[in-house]
Amino acid sequence: MRDNLSPSSGVDAEEAASELNCLPYSVQHHDEGVCLLVRMGPHRILLDCGLRETSSLLTSLAKSPMPADLVLVSHAHPDHARGLLDLHQAFPLLPIYASEVTSKLLPLNWLDQDPQEIPQLCHALPLRSPVEILEGLVVELFPAGHLPGAVAILLTYTTAERAYKLLYTGDFFLSNSRLVEGLRLEELRGLELNVLIIEGTYGTSRHPHRRNQENQLAERINRAIADRCSVLLPTPALGLGQELLMLLRSHHHFTGRDLDIWVDGAVATGCDAYLELLPHLPPSVQNFARHQPLFWDERVRPRVRRLQPEHRATVGKFPCIVLTDSTADLNQYCQNETGPWVILLPEKIDIKVNSKYSATTTDESYLLAQHSDGPGTTQLIHNLRPQHVVFVHGSPAYLADLTSLEELQNRYHVHSPSAGTLVELPIGETFLQPAPPETNYEGELTELGTVITVTLPDAITHDPRWRQFADTGLIEARWQGEELVLRGLSPRELLHQNGDRYTWSDLDCCGTCRYQRGQRCWNPVSPLHNFKVTLEGYCPAFERLSNPENQI
């Protein structure tokens, strides 16, 4: 691995590199976006272009007649696609490929521009069909869950000596959601991958099952309506907003209820785009749409309506639900003589909320994950068994957590490059695994009567997560097998404590698996067989212990 190469120097350095390498222009999500340049033999492939600010990329590529041989787009979310228009305008001959659904959703990234002036950027590729796109280079797309049209991209470069295989997941989700089927592991097993470039949005964190997340959110909205509050749900334009709307239309708390659901801004535009894609949505959704409209419906309760600008000041005088843009000014809803309002904010999405509005408001966060959690991420890796694993798309701290997992360090060559760092990916060669990031801190424990004091070195405060952990000065402790886990309590949790939190014993993990004894896996069919495992780990061979508290 080479360190500290600028993006401009990365292209020149390719000549001396191995058959496979990867140069990240950006590996973050949200603000920075994701953009990677992969080289396979003589071919240069740009994976996604989600840069918010493309000037530095375009400047570094200005001396090149073409920055890559082609661009492949995993899906239409802004952090993966918003830089494509600038890239196309700078290099109009550069071919851009995506799935058919993604090609239709891409224009939603530029709603501030005249749709007639946005060119047709993409060539659509079929799903599950290998296409030789350059000499010796074959591309195949597999549905990745997460968002309609989202794909995992398999690249196969064949030489006279051997075939090289690289899979880029983009954003992926193993679980089925309301409007998208999850990534199917069985479609990817047995690929004999050399390189897996995989997202790490949630790091090693673990989530309740998707259905539990939905039920917790529906229950919270139900309580708010019962308390005569209106509910405000700011969301991104694509994906989460439509998932929420489908949840509200089909959950037992709301079906048949005399309730208005208002949809505003780009979220409403995203709903219109989904209606154009109905033949590509899951069969269950198509069946739903045969009996009643998928979104806009004033006949069947709860009523779903597009919110017109002249009605924003009066919505909320009676309990209702409003879905709007994550970037919207919430003052336009929380006005005098409306409310009270409960503002529900999705985790991992930065949405600005004022401390005070004209109407009475409270704000809380909720989890409705659109990405796989830590166990889902490691499950995919263990099923594919690549030689190299490259983590992108996540905060540096979360990616470091994944990189340092012992179950990955022992089995794969693990990389978590920063932007501008060229990663060479030698295949079948001796490789010295880089030392994992230091994430353990030694401290002391003191018992004084009825008080126990845990002392940790101040080096722990250098981690950017410390400020959030220590924000209130209060912590929660729980047993996790033989280990004691501490977590900080946020101000929002202290204001809105409820019984929705799940416990470790509810999770599918090594700590509740019948084959885990003495922190080792004794299941002969598991990829972790005879390895020491962390109790929060997970593998596809998991079988729940009937009584987790009896586990040793």
Side-chain angles (χ1 to χ4, degrees), residues 75-76 99-102 104-105 108 127 143-150 173-184 209-226 230-231 233 235-308 311 315 318-324 344 346 366 368-370:
H75 64 290
S99 68
E100 181 180 354
V101 171
T102 295
K104 294 178 178 179
L105 292 177
L108 273 71
L127 299 177
H146 178 69
L147 183 75
F173 197 33
L174 295 181
S175 302
N176 292 334
S177 48
R178 294 278 168 168
L179 292 165
V180 190
E181 293 180 341
L183 182 149
R184 298 177 183 174
H209 289 296
R210 170 73 180 203
R211 191 65 67 187
N212 292 343
Q213 297 173 34
E214 293 180 346
N215 288 336
Q216 289 179 13
L217 176 58
E219 176 59 33
R220 181 63 191 97
I221 296 173
N222 180 52
R223 291 202 312 267
I225 299 296
S230 292
V231 177
L233 294 161
T235 77
L238 273 181
L240 181 57
Q242 291 74 34
E243 287 285 327
L244 288 169
L245 192 50
M246 196 63 183
L247 170 63
L248 294 170
R249 297 216 65 201
S250 55
H251 197 277
H252 66 85
H253 277 320
F254 308 107
T255 51
R257 192 166 183 172
D258 187 10
L259 180 68
D260 286 321
I261 301 173
W262 300 96
V263 187
D264 201 4
V267 180
T269 306
C271 290
D272 292 337
Y274 270 53
L275 293 176
E276 298 295 322
L277 302 173
L278 189 58
H280 299 276
L281 298 181
S284 60
V285 178
Q286 297 182 42
N287 185 58
F288 181 96
R290 291 190 188 100
H291 297 89
Q292 58 182 285
L294 189 59
F295 295 128
W296 313 123
D297 193 346
E298 298 193 20
R299 181 179 57 86
V300 176
R301 299 175 177 178
R303 296 170 293 273
V304 180
R305 301 171 177 173
R306 189 188 303 269
L307 182 58
Q308 302 300 330
H311 296 146
V315 164
F318 300 97
C320 65
I321 300 172
V322 177
L323 281 78
T324 189
L344 296 179
Y366 67 90
L368 194 62
Q370 306 291 297

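Remember, predicted model here, so these are calculated numbers, not experimental data.
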Of all heavy-atom pairs between Pro148 and Leu179, which one has the smallest distance, and what is that distance? CG-O, 4.4 Å
Are any non-hydrogen side-chain atoms of Trp262 and Thr324 less than 4.5 angstrom apart? no
Do Leu368 and Pro346 have side chains that get closer than 4.5 Å, going by heavy atoms? no
Without swapping roles, check the side chain of Arg249 against the backbone of Pro293 for a donor-acceptor pair under 3.5 Å. yes
Assess whether a salt bridge exists between Arg305 and Asp297, defined as any Lys/Arg side-chain N lying under 4.0 Å from an Asp/Glu carboxylate O. no
Under the side chain to side chain donor-acceptor pair (under 3.5 Å) test, which residues partner Asn176, sequence neighbours left out? none
Pair Glu276-Lys104, side-chain contact (heavy atoms from CB on, under 4.5 Å): steps then yes or no: CA-CA 9 Å; Glu276 298 295 322; Lys104 294 178 178 179; over 6 Å; no
Can you list the steps and then say if Phe318 with Ser230 is a side-chain contact (heavy atoms from CB on, under 4.5 Å)? CA-CA 7 Å; Phe318 300 97; Ser230 292; over 6 Å; no
Taking Asp260 first and then Arg301, would you say they form a salt bridge - that is, a charged N and a carboxylate O separated by under 4.0 Å? no
Which value, rounded to the nearest 0.5 Å, describes the distance between Leu240 atom CG and Leu233 atom CG? 8.5 Å
Counting C-beta onward and ignoring hydrogens, is there a side-chain heavy-atom pair between Leu323 and Asp264 closer than 4.5 Å? no
CZ (Arg306) and CZ (Phe295) are apart, to the nearest 0.5 Å, by 11.0 Å
State the OG1-NE2 distance between Thr102 and His75, to the nearest 0.5 angstrom. 8.0 Å
Check the pair His291 / Asn287 against side-chain contact (heavy atoms from CB on, under 4.5 Å), numbers first and verdict last. CA-CA 7 Å; His291 297 89; Asn287 185 58; 3.6 Å; yes
State which residues pass side chain to side chain donor-acceptor pair (under 3.5 Å) with Thr235; sequence neighbours excluded, sorted by chain then number. none
CD of Glu100 to CG of Leu105: how many Å apart, nearest 0.5 Å? 11.0 Å
Rounded to the nearest 0.5 angstrom, the CD1-CD1 distance for Ile225 and Ile321 is 4.5 Å
Go through the steps to decide whether Leu275 and Trp296 satisfy the test side-chain contact (heavy atoms from CB on, under 4.5 Å), and finish with yes or no. CA-CA 10 Å; Leu275 293 176; Trp296 313 123; 3.9 Å; yes
Using modelled atom types only, decide if a donor and an acceptor are shared between the side chain of Gln370 and the backbone of Gly239 within a distance under 3.5 Å. no
Show the nearest heavy-atom pair for residues Ala237 and Gln242, with the distance to one decimal. O-NE2, 3.0 Å
Which atom pair, heavy atoms only, marks the closest approach of Phe254 to Ile221? CZ-CG2, 3.7 Å
For Val267 and Gly241 the tightest heavy-atom approach is CG1-CA, 4.1 Å
Smallest heavy-atom separation, Leu245 atom then Val263 atom, equals CD2-CG2, 3.9 Å
Interatomic spacing from OH in Tyr366 to CD in Glu214 - rounded to 0.5 Å: 11.5 Å
Would you say CD of Gln286 has more than 12 non-hydrogen atoms from neighbouring residues, nucleotides or ligands within 6.0 angstrom? yes
Is there a side-chain contact between Glu181 and Pro283 in this structure, where contact means two heavy atoms from C-beta onward sitting under 4.5 Å apart? yes
If we only count heavy atoms from C-beta on, is the Leu244 to Leu217 side-chain gap below 4.5 Å? yes
Looking at side-chain heavy atoms only, is the closest gap between Leu183 and Phe173 below 4.5 Å? no
Option from His251, Arg257, His252 for which side-chain hydrogen bond (donor to acceptor under 3.5 Å, both in side chains) with Asn222 holds: Arg257
Under a plain distance cut-off of 3.5 Å, with no hydrogens placed, do Arg210 and Ser177 share a side-chain donor-acceptor pair? no
Looking at Leu259 and Pro319, what are the two nearest heavy atoms and their distance? CD1-O, 3.7 Å
